[in-house]
Amino acid sequence: MKLTELDYDLPESLIASTPPPERDGSRMMVVDAATDTLTHDHVRALPERLPRGALLVVNDTRVIPARLRATKPTGGRVELLLLRT
C-alpha cells in the first residue's frame, strides 16, 4: 500500500467541531463485509445492529491539542503529536 492511496478530500464543513445536542445522534459508518456494502446510521441504532453475543470495545482516549513540528539538521521534517501530559 502506498501512502498516496490514503489521500482524500475532506471539506472543513464536514468536520465536527462540537458534539451533537444528543450524543446518540452522532453518525456512524456501517460496513457489511458479507454484502460488501457501506451505509450510514446513527449511534442510537447500534444496539439493533450488533448481533447477539457481540463484543463492543470502546475507545475513550482523547487527544490534547499539542502538535509540534520541527526540521532536523539534515533537512528532514518531523511532526510530533502529544497524546498525554
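In this chain, numbering begins with 1 at the start of the sequence shown.
When all heavy atoms of G25 and P20 are compared, the closest pair comes out as C-CG, 4.2 Å. What you find for V43 and P47 is that their closest heavy atoms are O-CD, 4.1 Å. Contact record, P11 with D9: CD-O, 3.8 Å, taken as the closest heavy-atom pair. Residue E5 comes nearest to K2 through the heavy atom pair OE2-N, 2.7 Å, listed as atom of the first residue, atom of the second, then distance.
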Quiz item: Does the pair V30 and R49 meet the rule for a side-chain contact (heavy atoms from CB on, under 4.5 Å), with working shown?
Solution: CA-CA 9 Å; V30 181; R49 288 194 168 270; 3.4 Å; yes

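Of the inter-residue distances, the one linking H42 atom NE2 with E22 atom CD reads 10.5 Å to the nearest 0.5 angstrom.
Within 6.0 Å of the CG atom in D7, the count of heavy atoms belonging to other residues, nucleotides or ligands exceeds 12.
Tracing side-chain contacts under 4.5 Å through hydrophobic residues (I, L, V, M, F, W, Y), one reaches L82 starting from V78; they form part of the same cluster. L38 and Y8 are members of different hydrophobic clusters when ILVMFWY side chains are connected at heavy-atom separations under 4.5 Å.
For the pair D41 and R27, the salt-bridge criterion is not met [side-chain N within less than 4.0 Å of a carboxylate O].
The shortest distance between side-chain heavy atoms of R77 and K72 does not fall below 4.5 Å. Taking 4.5 Å as the limit, some side-chain heavy atom of M28 sits within range of a side-chain heavy atom of L46.
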